[in-house]
Protein chains: 2
Amino acid sequence: MTAQIDCKVPQGSQNPQSPKDRVALDPEGAAELAVGFKALADPNRLTLLTLIAAEATGEACVCDLTEPLGLGQPTVSHHLKVLVDAGLLAREKRGTWSYYSVVPGALQDLFHSLTDWTTP
Amino acid sequence: MTAQIDCKVPQGSQNPQSPKDRVALDPEGAAELAVGFKALADPNRLTLLTLIAAEATGEACVCDLTEPLGLGQPTVSHHLKVLVDAGLLAREKRGTWSYYSVVPGALQDLFHSLTDWTTP
DNA sequence: CTCATGGATTGACATCCGTCGATATTCCTG
DNA sequence: CAGGAATATCGACGGATGTCAATCCATGAG
C-alpha cells in the first residue's frame, strides 16, 4: 500500500517541537499532511469551500449547497464530512440544520506545514 | 463524472484577469486547482518534494530518490511526472540523468489561488 | 557499433474514491 | 404522538489511482 520508508533522520535535537532537525518529512508526517491535501484534491470540495466562504454569514447549510453543485444531498454531505475531518470546515448543528463554516487559518496551517519543508 | 455546475456568475466586469467578480469558483477553475492539490494528495509525493528541496544543489535525480522512498524506479518516475505536470517540479535532462527541482513559487501560487476565494 | 546504465512507458492488478439510491436519525410542528 | 423536513449513514457500482514487473528509449563508454 503506502510502502515503509526509512528516512534518514540525523536528529540534531530531541525536541519534537522543532521539526527542522530532520532532513525530510517522516512517513507519519507525510501521511498526515496528505490527508489535508486529499481533502482539497476534488473540484467539488474546492467549490464547496469557496461557496461557504462567499456566504455573507460565513456559514451555509447543506440545502444551500446541493443546488449550485448539481450533486445529490448524500454526496454533498459526504464531501462536507471529508472537509470537516480534515479540519478545514467546522460543523454546528442548530435545530434540524447543520451549518458549515470555514475554520480560520486552517488552510494557512496546512500550507505552512508543507512550505516549512520546501523553503528553508 | 464531475457533474456540471451552473454557478451564479454576477460578472461585475468582463475582465478575465480579475477572478473576484465571481461569487465562487467556476467548474473549470475548480478542476484546474484540483489538479494541483491532487498532486499533493499522496504521502510519497510530499516526501519527494521535501527530499528534493532538502538537496544542497536544489535538485535530485531519480536514482537518489528511489532508496529513501522504498519504491520502485517506475513508481518514483510516475510520481515525479505527476508533480511536473502539476507545475510543482521542473525536469532538466543532462546526459543520462534527469534532474528534478522545485519550481520556485509554484506552491505559493497554488495556495493563493485558493485563499483568494476563501479569504475576502 | 555494441553494450551498459538511467530513466520513461506500458500493461496489469488491487485498492481507493466519488456518486447515487435507499434508509436511518434527529428535530420541529401540529 | 404523528407527520414532515433536513441531514447523516449504508451499500453498491464504476472510474480513478498507486504499485510493480517487463519493456522500451536514449545516452555515454569502450
Side-chain angles (χ1 to χ4, degrees), chain A residues 1-5 27 30-31 33-49 51-52 55 59-86 89-101, chain B residues 1-5 27 30-49 51-52 55 59-86 88-101:
Chain A
M1 227 198 106
T2 17
Q4 54 283 26
I5 312 172
L33 253 186
V35 172
F37 286 115
K38 257 191 247 274
L40 299 174
D42 179 272
N44 290 319
R45 284 198 288 269
L46 291 175
T47 307
L48 277 175
L49 271 179
L51 281 174
I52 296 172
E55 212 64 37
E59 52 185 17
C61 58
V62 179
C63 60
D64 294 331
L65 301 167
T66 49
E67 176 250 316
L69 269 182
L71 294 177
Q73 173 265 319
T75 304
V76 173
S77 211
H78 164 70
H79 283 316
L80 290 170
K81 177 176 168 50
V82 173
L83 289 167
V84 169
D85 288 348
L89 285 185
R91 166 175 23 222
E92 189 200 351
K93 191 157 188 176
R94 289 203 299 272
T96 313
W97 290 268
S98 286
Y99 292 92
Y100 290 87
S101 58
Chain B
M1 227 196 105
T2 20
Q4 55 283 28
I5 313 169
E32 189 180 338
L33 254 186
V35 171
F37 287 115
K38 258 191 246 272
L40 299 175
D42 180 273
N44 291 318
R45 284 198 288 270
L46 290 175
T47 307
L48 276 176
L49 272 179
L51 280 174
I52 296 174
E55 211 62 37
E59 52 186 17
C61 58
V62 179
C63 59
D64 294 332
L65 301 167
T66 48
E67 175 252 316
L69 270 182
L71 295 176
Q73 172 265 318
T75 304
V76 173
S77 210
H78 163 70
H79 284 316
L80 290 171
K81 176 176 168 51
V82 173
L83 289 168
V84 168
D85 288 348
L88 297 172
L89 286 185
R91 168 176 19 223
E92 189 200 351
K93 191 158 188 176
R94 289 203 301 274
T96 312
W97 291 270
S98 286
Y99 291 92
Y100 290 86
S101 57

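In what follows, chains carry the letters A, B, and so on, assigned in the order in which the sequence lines appear, proteins first and then strands, with residues in each chain numbered from 1.
Atom-to-atom, CD of A/Glu67 to P of D/dT7 comes out at 14 Å; the value is rounded to the nearest Å. A straight line from CG of B/Leu83 to P of C/dA8 spans 13 Å, rounded to a whole angstrom. Atoms NZ (B/Lys81) and P (C/dG6) sit 22 Å apart, rounded to a whole Å. Nucleotide C/dG6 holds its P atom 11 Å from the CG atom of B/Asp64, rounded to whole Å. Here the C1' atom of nucleotide D/dT17 and the CZ atom of B/Arg45 are 8 Å apart, to the nearest Å. At whole-Å resolution of the value, CZ in B/Phe37 and P in C/dG18 are 15 Å apart. Remark: C1' of C/dG7 and CG of B/Leu65 are 12 Å apart, rounded to the nearest angstrom. Atom CG in A/Leu71 sits roughly 15 Å away from atom C1' in C/dG21 (whole-Å rounding).
The two residues B/Leu51 and B/Pro68 have their closest heavy-atom pair at CD1-CG, 3.9 Å.
Put simply, B/Tyr99 has no side-chain N or O that comes within less than 4.0 Å of OP1 or OP2 on C/dG6. Note on B/Ser98: a side-chain N or O is less than 4.0 Å away from OP1 or OP2 of C/dA8. A/His78 has a side-chain polar atom (N or O) that falls below the 4.0 Å cut-off from OP1 or OP2 of C/dG18. When the side-chain nitrogen and oxygen atoms of A/His79 are compared with OP1 and OP2 of C/dC17, none of them lie within a distance under 4.0 Å.
Atoms CG and CG, on A/Leu40 and B/Leu40 in that order, are 9.0 Å from each other to the nearest 0.5 Å. Summarising the geometry, atom CH2 belonging to B/Trp97 is positioned 14.0 Å from atom CD belonging to B/Glu92; distances are rounded to the nearest 0.5 Å. B/Leu33 CG to A/Leu49 CG: the interatomic distance, rounded to the nearest 0.5 Å, is 10.5 Å. A/Leu89 CG to A/Ile52 CD1: the interatomic distance, rounded to the nearest 0.5 Å, is 4.5 Å. Taking NZ of A/Lys38 as the reference point, atom CZ of A/Arg45 lies at 10.5 Å (rounded to 0.5 Å).
Under the 4.5 Å side-chain criterion, counting only non-hydrogen atoms from C-beta, B/Gln73 is in contact with B/Val62. For the pair A/His79 and A/Leu69, the minimum side-chain heavy-atom distance is 4.5 Å or more.
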Practice item. Give the B/S/- string for nucleotides 25-30 of chain C, one per nucleotide from 5' to 3', where a protein heavy atom under 4.0 Å of the base yields B, of only the sugar-phosphate yields S, and otherwise -. Key: --SS--
Nucleotide N/O to protein N/O under 3.5 Å, stretch nucleotides 21-25 of chain D:
none

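Residue contacts shown for B/Thr75 include a base, since a base heavy atom lies under 4.0 Å away.
For A/Lys93, there are no salt bridge (charged side-chain N to carboxylate O under 4.0 Å, His left out) partners, not counting sequence neighbours.
Nucleotides of DNA chain D nearest to A/Cys63 and B/Gly72 differ in position, and the one nearer the 5' end is that of A/Cys63.
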